[in-house]
Asks: 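Below are the structure tokens for one structure; questions will follow.
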Amino acid sequence: MKASQLFFPTLREVPREAELISHQLLLRGGFVRSVAAGIYSYLPLGWRVHEKIAQIVREEVNAFGGQEIHMPVLVPKELLDETGRSAVPVLFGLKDRNQREFFLGFTHEEVVTDIVRSTVHSWKQMPLYLYQIQTKERDEPRPRGGLIRGREFTMFDGYSFDYSEEKLDAIYKANYQAYGNVFRRCGLEHLAVEADPGSIGGSENHEFMVLTENGEDTVLRCDSCTYAANAERGEVPETSSVEAIKPEASESISTPGAHTIEEVCAFLHVEAGHLIKSIICTADGKPVVALVRGDRDLNLPKFARVLGAKSVELADVPTVLRVTGAPMGFAGPVGLAEPSPIYADNELKQGGNYIVGANQADAHLGNVTPGHDFQVTTWGDIRTAVAGDKCPRCDEGHLTDARGIEVGHIFKLGTKYSKDMQALYQSETGEKTPILMGCYGLGVSRTLASAVEAHHDESGIMWPITIAPYEVGIVLTNMKDTSIVDAGVQLYQELKAAGVDALLDDRDERTGVKFKDMELIGIPIQVVVGKGLANGEVEVSMRREKGVRTAVATVELVDHIVALVKAEKSRLM
RNA sequence: CGGAGUGUAGCGCAGUUGGUAGCGCGGGUCGUUUGGGACGAUCAGGCCGCAGGUUCGAAUCCUGUCACUCCGACCA
């Protein structure tokens, strides 16, 4: 491609709307343009990267038997009614001219299961793995970070169909491997972690996280064994040695105006760990009280599992006022105005003589010990795990944390969808049995943005060569010097003929502009055709080794570049 | 949905006590330049997000509304 013909409107300044570095650089480099919140158009460079990532996913999934299909964006409501998912809040809905209801596809379990139930009738037709790479639509409560969380985005979604747990396990593992290969080939440091399955359900699931400095998720890893989990899912093991504390008589403490943990700590000059945080929640509509140590966070999904509740949320203000009989900020387990079940985090079994809210304005209670001053309805693991916690899987390890971006999520669904939708097959013994399913999602657009988050410097993007829009950029330093132009065009054509993805910057711009643009758009290998030509040489440099330039004889350039491209790619195998 | 912020030229921004809008970059044309976002000349470009209101007069004050961003809730 010649840069003079390429549509890549680069920006010198950072658009006001972009906060995240990937968002800034993708806009500045002319990869994408925003249309509305969380909705983007891809320009030529962005789409090339997108398609390179998509192609890598295809290759890896095809390798273990995946078959590509393409399902519609419009999904009739009745299909989602079969599994009850027509009530999912992130759905975009619409009606056709006859008032028939449709939703915009947000994931396609129902659609693919509908295909399979009408076509797969025998165990002999399985295993089957179908996938698509398609635009997904979700009315996210808060789109953010450019391509990181959009309302419209591209997802690879794969679905497996099997007749035995062993087969399901095998394809799940194959997919797990394939995803690892995809991210490795995309040059992304990644980690598969145990995660919350959300409402999609199923028995086993893993998230694939790309590790970046400012990812939106926290992942925890054991420093001793292979345990890794999303912090929101991380288990906290119960400490075996329970330290005996002699409960002292509780006492009222005046804490005027101290609503928050920080304010109470500052006022009383104590550490947050001496406090118990009392959080009023609503579980399936009924008020419950959750207790965690003052320096911990309540984890709502974990709390919901302990409760066995469908939905748990923080109670609204009127409920808090009613349950505690006090203004916000003074809730405690002792003396509730409206007695409610009290769920305490296991950690509170240790220690005692805590400070809690007094359920009265401007007052706390000191020396409060669970079991002594109030009764706990149920103990459980309800706090969010943090770095430093003991590993739940091995004895010696402790957890360390890192930030990551969720780029893939795979689930063993089991028969959840096949039962609801009557997707049955006949087994070897002739029995009608629900198909065992798995589903496998990979965010293509999010992977693209994550790659920028992971690979950039102050000058711009540093694409891994496997997903770069072009592998090599040729800069012609003077468009009026016909020897430079002729030599550059010839090298460009030879490189193309040798199968190298090359971009020739033949624009009538100053050389500085061309260098800046090449760096901004992140072309991995740069060839400068200029002064050295008099000696029969051009200069070659790598984007990731800024400032290092090597003189290469023009006659050797094609071989040199072909070898470089090959070497760069092999780094990512 | 709660909290905070921002909407002025294609982009980034300024605009004083209310007096009808400017700077830089970018764009067109001409010339000089050509190895790190050139220089000079010249031209074009605005419903000051939108709708009301106050006022002789509103980018500026008030009310409402929409959009975008960030924090949180939420996130298949």
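Chain identifiers are assigned alphabetically (A, B, ...) following the order of the sequence lines, protein sequences preceding nucleic acid strands; residue numbering begins at 1 within each chain.
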Asks: Does B/C75 have its OP1 or OP2 closer than 4.0 Å to a side-chain nitrogen or oxygen of A/Arg138?
Replies: no
Asks: Is the distance between the ring centroids of A/Tyr159 and A/Tyr131 under 6.0 Å?
Replies: no
Asks: Report the base-pairing partner of B/C23 (Watson-Crick or G-U wobble, both distances below 3.5 angstrom), or none.
Replies: B/G12
Asks: Rounded to whole Å, please give me the gap between CG in A/Asp297 and C1' in B/C71.
Replies: 15 Å
Asks: Show the nearest heavy-atom pair for residues A/Ala36 and A/Arg151, with the distance to one decimal.
Replies: CB-NH2, 4.3 Å
Asks: Treating A/Gln132 as the side-chain partner and A/Met71 as the backbone partner, does any N or O pair qualify as donor plus acceptor under 3.5 Å?
Replies: yes
Asks: Got a donor-acceptor contact below 3.5 angstrom from the A/Ser34 side chain to the A/Tyr40 backbone?
Replies: no
Asks: Does B/U29 have a Watson-Crick or wobble mate here (both distances under 3.5 Å), and if so which one?
Replies: B/A41
Asks: Check every atom of B/C75, B/U69, B/C74 against the side chain of A/Glu19 and return the nucleotide holding the closest atom.
Replies: B/U69
Asks: Please encode protein proximity along nucleotides 6-11 of chain B as a string of B, S and -, counting only heavy-atom distances under 4.0 Å.
Replies: SSS--B
Asks: Below 4.0 angstrom, which residues in residues 153-161 of chain A have at least one non-hydrogen atom near RNA chain B?
Replies: none
Asks: Kindly point out which of B/G35, B/A73, B/U33 is positioned nearest to the side chain of A/Arg510?
Replies: B/U33
Asks: So what does A/Gly145 touch, heavy atoms closer than 4.0 Å: a base, only the sugar-phosphate, or nothing?
Replies: sugar-phosphate
Asks: Figure out the CG/P separation between A/Asp508 and B/U29, and round it to whole Å.
Replies: 12 Å
Asks: For A/Ile279 and B/G72, what is the distance between atoms CD1 and P respectively, to the nearest whole Å?
Replies: 17 Å
Asks: Would you verify whether the NZ or CZ of A/Lys136 falls within 45 degrees of the ring axis of A/Phe106 while also being under 6.0 Å from that six-membered ring's centre?
Replies: no
Asks: Taking atom P in both B/U32 and B/A21, compute the distance separating them and give it to the nearest angstrom.
Replies: 38 Å
Asks: Counting side-chain heavy atoms from C-beta on, which of B/C68, B/U33, B/A73 comes nearest to A/Ala37?
Replies: B/C68
Asks: Rounded to the nearest Å, what distance is computed from the CZ atom of residue A/Arg144 to the P atom of nucleotide B/C71?
Replies: 6 Å
Asks: Taking the six-membered ring for Trp, is the centroid-to-centroid distance between A/Tyr440 and A/His206 below 6.0 Å?
Replies: no
Asks: Would you mind pulling out the nucleotide paired to B/U6, Watson-Crick or G-U wobble, both distances under 3.5 Å?
Replies: B/A67
Asks: Using whole Å, what does the distance between atom P of nucleotide B/C74 and atom CD of A/Glu313 come to?
Replies: 8 Å
Asks: Taking only the P atom of each, what is the distance from B/C62 to B/G5 in whole angstrom?
Replies: 14 Å
Asks: Distance check, C1' atoms only: B/A14 and B/A59, in whole angstrom units.
Replies: 12 Å
Asks: Sticking with atom P, work out how far B/G24 lies from B/U42, rounded to a whole angstrom.
Replies: 13 Å
Asks: In whole Å, measure the gap between the C1' atoms of B/G35 and B/G49 for me.
Replies: 45 Å
Asks: Given that both distances must come in under 3.5 Å, which nucleotide forms a Watson-Crick or G-U wobble pair with B/A58?
Replies: none
Asks: Tell me the closest heavy-atom pair linking A/Ala54 and A/Ile133, and the distance in Å.
Replies: O-CD1, 3.8 Å
Asks: Is the shortest side-chain N to carboxylate O distance from A/Arg85 to A/Glu109 below 4.0 Å?
Replies: yes
Asks: Please state how far atom CG in A/Asp481 lies from atom P in B/U33, giving the value in whole angstrom units.
Replies: 15 Å
Asks: If I pick the C1' atom on B/C25 and the same atom on B/A9, what distance separates them, to the nearest angstrom?
Replies: 12 Å
Asks: Report the base-pairing partner of B/G46 (Watson-Crick or G-U wobble, both distances below 3.5 angstrom), or none.
Replies: none
Asks: A/Lys480 has a side chain; which of B/G37, B/U34, B/G35 sits nearest to it?
Replies: B/U34
Asks: Would you mind telling me which of B/G37, B/G35, B/C70 lies closest to the side-chain atoms of A/Val528?
Replies: B/G35
Asks: Can you tell me how far C1' in B/G22 sits from the matching atom in B/C61, rounded to whole Å?
Replies: 22 Å
Asks: Tell whether A/Glu519 reaches the base of B/G36 with its side chain through a donor-acceptor pair below 3.5 angstrom.
Replies: yes
Asks: In whole Å, I'd like the distance from the NZ atom of A/Lys516 to the C1' atom of B/A38.
Replies: 14 Å
Asks: Suppose we call two aromatic rings close when their centres sit under 6.0 Å apart. Are A/Phe31 and A/Trp463 close by that rule?
Replies: yes
Asks: I want to check something: taking the side chain as every heavy atom from C-beta on, are A/Val386 and A/Arg296 in contact at a cut-off of under 4.5 Å?
Replies: yes
Asks: A cation-pi test, strictly: NZ or CZ of A/Arg549 under 6.0 Å from the centre of the six-membered ring of A/Phe515 and no more than 45 degrees from its axis. Yes or no?
Replies: yes
Asks: Suppose we define a pair by two distances each less than 3.5 Å, Watson-Crick or G-U wobble; what does B/G36 pair with here?
Replies: none
Asks: Taking any strand in view, what nucleotide pairs with B/C1 in a Watson-Crick or G-U wobble way, both distances under 3.5 Å?
Replies: B/G72
Asks: Closest to the A/Arg151 side chain: B/G36, B/C71, B/C68?
Replies: B/C68
Asks: For B/G27, does the base pair up with any side-chain atom of A/Arg12 as donor and acceptor (N or O, under 3.5 Å, distance only)?
Replies: no
Asks: Base, sugar-phosphate, or nothing for A/Ala36, non-hydrogen atoms under 4.0 angstrom?
Replies: sugar-phosphate
Asks: Which whole number of Å gives the distance between the P atom of B/C74 and that of B/G64?
Replies: 29 Å
Asks: Would you kindly give the CG-to-P distance between A/Leu20 and B/C70, to the nearest whole Å?
Replies: 8 Å
Asks: Can you tell which of B/U34, B/C25, B/C71 lies closest to the side chain of A/Asn478?
Replies: B/U34
Asks: If you measure only the distance, is there a donor-acceptor pair under 3.5 Å linking the side chains of A/Ser22 and A/Glu453?
Replies: yes
Asks: Which nucleotide in the list B/U69, B/G37, B/G35 gets nearest to the side chain of A/Arg549?
Replies: B/G35
Asks: RNA chain B: A/Leu314 or A/Phe106, which has the more 5' nearest nucleotide?
Replies: A/Leu314
Asks: On RNA chain B, compare the nucleotides closest to A/Leu300 and A/Gly38; which residue's is nearer the 5' end?
Replies: A/Gly38
Asks: The criterion is ring pair (Phe, Tyr, Trp, His ring centres under 6.0 Å); which residues satisfy it with A/His190, sequence neighbours excluded?
Replies: A/Phe183
